[in-house]
S.K.: 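Input: one structure, supplied below.
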Amino acid sequence: MTTNTTELPTTYSPADVETKWYKTWEDGKYFKPKKGKANKSFCIIVPPPNVTGKLHAGHALDITTQDSLIRFKRMKGFETLLLPGLDHAGISTQSVVEKMVFEQEKKTRRDFSREEFVKKIWAWKEEYGNHILNQQRAMGTSCDWDYLTFTLDPIPNKAVKKFFVDMYNQKMIYQSDYIVNWDPMLQSAVSEAEVEHKDVQGNFFHIKYAIKGSDETLEVATTRPETLFGDTAVAVNPNDDRFKHLIGKTAIIPLCNREVPIIGDEHVDLEKGTGCLKVTPGHDFNDFEIGKRHKLPIINILNKDGTLNEYGLEFAGLASKVARNVVSKKLDELGLLLDKKPHMHPVGHGERSGVPIEPMVSKQWFVNVSDMSKRAVAAVENGDMKFYPKEWENTYYSWLRNPKDWCISRQLWWGHQIPVFYCDNNHQWASEHDVTECPTCKSKNVHQDPDVLDTWFSSGLWPMSTLGWPDPKAMEEKKFSTFFPTTVLITGYDIIFFWVARMMMMSLQTQNQVPFKDTYIHAIVRDKLGRKMSKSLGNGIDPFDMIAQYGTDAFRFTLAAGSGYNRNINLDPDRIGGFRNFINKVWNAFRFIYPHLQTGSAQITDMSKLDHHERWILAELNTTTKIMNESMEIYRYDDASSAIYSFVYDKYCSWFIELSKNILNGDDAAIKARRVSVLKFAFRKILALMHPLTPFITEELWAHLKEANEDLLIAQDYPEYDKALEFTQDQDQMNKFVEVVTSIRNLRASVNIKPKDEVNVELFTDNQELIKYFRENLVNFQELARVKNLSVGNKELNRPNKSIMNVLTHTEIFVPLDGVIDLKEQISRLEKELTKTKADFAKYEAKMKNENFMKNAPENVREEVLVNVRELGEKIHSIEENLVQFKS
RNA sequence: GGGCGUUUAGCUCAGCUGGGAGAGCGCUACCCUUACAAGGUAGAUGUCGGGGGUUCGAACCCCUCAACGCCCACCA
């Protein structure tokens with residue numbers, strides 16, 4: 001890093017430095033866990049993105065919040081680990097490859113053997129799988145890449161098998177004929193959580209059912225007439241006087257003329273439909289329950305692709321939606337369709353496929369979660385795991401307090417194959433190892449269950465398996481005991497059910513511990529109008545575009561500034577542009593001190609020799625340090641970013657640098673050196689404070705500011721609050737100085753004095769400390785307000801005649817003018833100010849005179865009111881006095 | 001149907017346990033002032049969704065109404 005020869009450009013170019021520093025950090029092994037002075041570990045497992053994935057704005061937010069925290073804790077001396085991974089994402093990956101193969105070869109997966117097709121998916125994964133990881137690198141993620149784990153790697157596979165087999169042997173995993181959500185497109189069962197309910201416009205069909213041996217008929221209401229082929233009963237409410245005499249008789253299903261019993265069941269709603277319900281246990285969740293209660297037979301009328309099977313008679317082969325219309329038409333022709341009216345009703349759709357889900361009975365594997373879910377609830381109730389923000393625990397509870405057994409088998413090829421084996425003598429057993437013979441009958445003719453496990457089954461074990469569990473050697477190598485339980489999980493609220501709940505259950509089950517102590521739920525990134533980003537709307541924001549346009553630091557800072565306890569971030573690229581300008585401001589602040597780097601040291605040797613402004617900036621820096629530390633600890637990235645933003649912009653750049661110009665241009669070497677030291681000291685702290693949020697520019701500038709023997713910024717200590725740097729009097733005086741300077745500028749602007757032209761200024765105040773302070777700041781008034789001569793005096797002194805003036809609570813400001821003054825305008829301005837001040841005054845005076853207020857309000861509030869009454873009273877007095885003068 | 005959330009400046013949002021309405025972007029005027037025009041200085045803009053209540057005092061607490069959004073449940 002050459003400090004003195006390079007000419008620095010006026011704008012910062014992110015692209016030039018980002019790849020350079022990432023490589024330097026990675027090659028220098030700065031991302032690897034190291035024991036530090038805090039003597040504690042801090043671990044975040046990155047939610048593994050899908051191998052099919054491309055980085056989207058949500059991932060960028062994940063990374064920003066996780067990496068900022070990791071960098072923060074690393075600098076604070078924690079042994080940090082940010083652990084990366086990739087998810088095989090069963091359904092979506094298989095679909096992507098199926099689609100690709102179909103496009104390229106016009107073949108479906110069924111044209112290949114399972115082995116051949118899975119090989120194709122692996123090839124695809126090898127080619128594209130790492131893409132998203134490189135995008136994560138571009139975001140600056142300080143992961144230890146040696147920990148990179150894929151959900152189908154050997155260790156996660158061991159974990160999956162171990163959990164499955166243990167639970168199988170405890171009978172907590174069982175196989176059952178059960179009504180599941182069948183996705184006819186994927187031709188697989190999917191879990192409850194993978195079904196989305198959407199309102200769909202359908203019809204209510206009223207169908208006439210004959211009753212055997214009677215002239216009476218029943219009018220049954222349904223939205224799905226095509227399922228009547230699967231009816232095995234008709235149900236009425238036993239308390240329904242209209243129909244209860246029919247219970248026990250036999251109804252005849254139209255079209256197929258099957259005889260079924262008429263049963264009484266409380267589930268039937270008297271109000272809904274006609275009060276008569278056709279019972280189709282094979283294709284309706286409620287009917288399935290009714291069927292169990294009444295021991296009704298189950299008839300499956302659908303093929304795996306959702307078309308009617310042979311039970312559909314002449315309609316066999318039709319898709320259920322088509323069959324619905326055809327069947328209803330046929331019923332109409334036969335005079336059996338009594339009514340048909342439009343009806344909006346919710347229909348489950350496959351989350352991945354988007355097609356309507358068919359409830360269907362089939363043999364599937366389930367996990368009994370009743371015990372695990374109770375433990376998972378308790379762990380949050382008793383504080384072992386805390387949600388930030390806290391409200392999200394309700395979402396978590398609502399799912400876990402009312403759990404349904406988890407259907408874990410999927411009829412796919414891509415995933416962890418279920419470790420259950422069968423022999424030709426119908427024995428069944430589970431095994432963690434490959435098997436060649438049946439343990440019961442020793443038959444060599446064995447085969448494994450063809451189904452694979454739900455993707456979330458391996459995801460649920462992720463915090464353990466990435467740290468080596470259950471392999472003792474891997475656990476040792478990966479320091480399981482150091483990093484488990486991990487510190488915090490950071491993710492979006494959309495996967496609290498899918499993932500957070502399952503990790504909690506599976507970790508409590510296998511480790512008897514929570515998998516992480518905190519869960520920070522960050523917002524969902526939306527477009528600037530608050531709409532979800534989606535392909536169909538075309539409103540997605542590509543992180544890569546943002547990085548290219550504004551730089552990674554600006555993008556990260558924007559995301560951090562938007563992340564607190566909110567649930568949406570409406571991301572407007574203009575905002576990123578705003579923060580890009582801020583990053584550039586930091587760059588230029590450095591350009592300002594750059595020529596003076598050799599003049600002062602980086603440490604402040606003698607605190608007692610500092611001047612007012614130096615003490616002031618250190619006090620402000622100290623306050624900022626405190627806010628940043630506190631905010632990062634509780635995931636308030638928004639508060640942290642706004643604290644450093646306003647310190648850098650409004651304190652360091654706008655005032656401290658401006659106040660330093662005359663010193664640096666002066667010739668008092670000692671004062672100059674001291675000021676440079678403070679500038680440098682504060683700037684080094686700024687870089688350290690900002691580094692977790694904006695790693696690249698800060699590391700780049702640090703290279704210029706660091707001492708020869710100092711390490712990279714990523715490895716420096718994070719600044720801490722220091723009581724020795726509290727200087728309240730200097731802060732108070734500086735605030736008054738700023739007020740006066742602003743007021744002079746305001747006066748100048750009000751009469752259009754050119755920025756270059758100098759003016760004389762007279763200040764009047766009764767505060768003797770201030771008089772002294774203002775006099776010491778003569779040169780600063782000259783610089784910052786273009787003042788020529790300044791006089792400061794007591795309020796007893798006479799005021800200049802021809803002048804414009806402002807009144808502050810502590811000081812009167814006069815700018816005498818030689819030319820013609822628009823008296824009218826001055827008077828009107830003063831009168832406006834007087835009205836405003838009087839209104840303010842009245843407010844406080846009323847409070848002061850209110851006995852109840854004086855009795856009840858806390859002392860500091862009372863004190864403030866009294867001060868305001870006094871100061872505003874003085875201000876009114878001043879304005880009135882001066883108005884008299886102007887008017888005379 | 002059950003639950004949660006949101007409503008503050010033109011836009012996107014902050015505002016911690018109640019005590020003087022804020023930021024960024026945008027806008028207006030004037031400035032190429034020797035770190036920065038991705039800049040500087042000054043400035044305008046708000047019945048804090050409506051109504052009621054508690055309180056000495058409400059953007060903040062309670063009730064109520066309205067609009068919008070999300071989650072869960074439910075194919076009669």
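Chain naming here is simple, since letters A, B, ... match the order of the sequence lines and numbering starts at 1 in each. Predicted, not measured: the structure shown is a model, and the values here were computed from it.
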S.K.: How long is the line joining OH of A:Y493 and C1' of B:U6, in whole Å?
M.R.: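 Taking atom C1' of B:U6 as the reference, OH of A:Y493 is at 11 Å.
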
S.K.: Can you check the distance between B:U6 and B:U17, where both ends of the measurement are the P atom (answer in whole Å)?
M.R.: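 Straight-line distance between the two P atoms is 13 Å.
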
S.K.: By nearest nucleotide on RNA chain B, pick out whichever of A:A561 and A:H283 is the more 5' one.
M.R.: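 Taking each residue's closest nucleotide, the earlier one in sequence belongs to A:A561.
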
S.K.: Dump the pairs, protein N or O against N or O of nucleotides 15-18 of chain B, anything under 3.5 Å, distances to one decimal.
M.R.:
unit_1: B:G15; atom_1: OP1; unit_2: A:R636; atom_2: NH2; d: 3.0

S.K.: Would you measure the distance from the P atom in B:G46 across to the matching atom in B:G53 and give it in whole Å?
M.R.: 27 Å

S.K.: Which nucleotide in the list B:A76, B:C72, B:G20 gets nearest to the side chain of A:V268?
M.R.: B:A76

S.K.: Using the P atom in both, what is the distance from B:U41 to B:A58, to the nearest Å?
M.R.: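 Those two atoms are separated by 37 Å.
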
S.K.: Using atom P in both nucleotides, what's the gap between B:C60 and B:C48 to the nearest angstrom?
M.R.: 10 Å

S.K.: Spell out protein contact along nucleotides 29-46 of chain B as letters: B when the base is contacted, S when just the sugar-phosphate is, - when no protein heavy atom is under 4.0 Å; keep the 5' to 3' order.
M.R.: ------BB-BSSSSS---

S.K.: Give the ring-plane orientation class for A:Y388 versus A:Y635, where under 30° counts as parallel, over 60° as perpendicular and anything between as tilted.
M.R.: perpendicular

S.K.: Using a 4.0 Å heavy-atom cut-off across all strands, classify A:D494 as base, sugar-phosphate, or nothing.
M.R.: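 No contact at all - A:D494 keeps every heavy atom at 4.0 Å or more from the nucleic acid.
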
S.K.: Which part of the nucleic acid, if any, lies within reach of A:I569 when heavy atoms closer than 4.0 Å are counted: base, sugar-phosphate only, or nothing?
M.R.: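 Here A:I569 touches no strand at all.
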
S.K.: Classify the nucleic acid contact of A:H349 as base, sugar-phosphate or nothing, counting any heavy atom under 4.0 Å across all strands shown.
M.R.: nothing

S.K.: Relative to the 5' end of RNA chain B, which residue comes earlier, A:Y844 or A:F579, by the nucleotide with the nearest heavy atom?
M.R.: A:Y844

S.K.: What nitrogen or oxygen pairs link the protein and nucleotides 55-58 of chain B at under 3.5 Å?
M.R.:
unit_1: B:C56; atom_1: O2'; unit_2: A:N850; atom_2: ND2; d: 2.7

S.K.: Base, sugar-phosphate, or nothing: which does A:T395 touch, judged by heavy atoms less than 4.0 Å apart?
M.R.: nothing

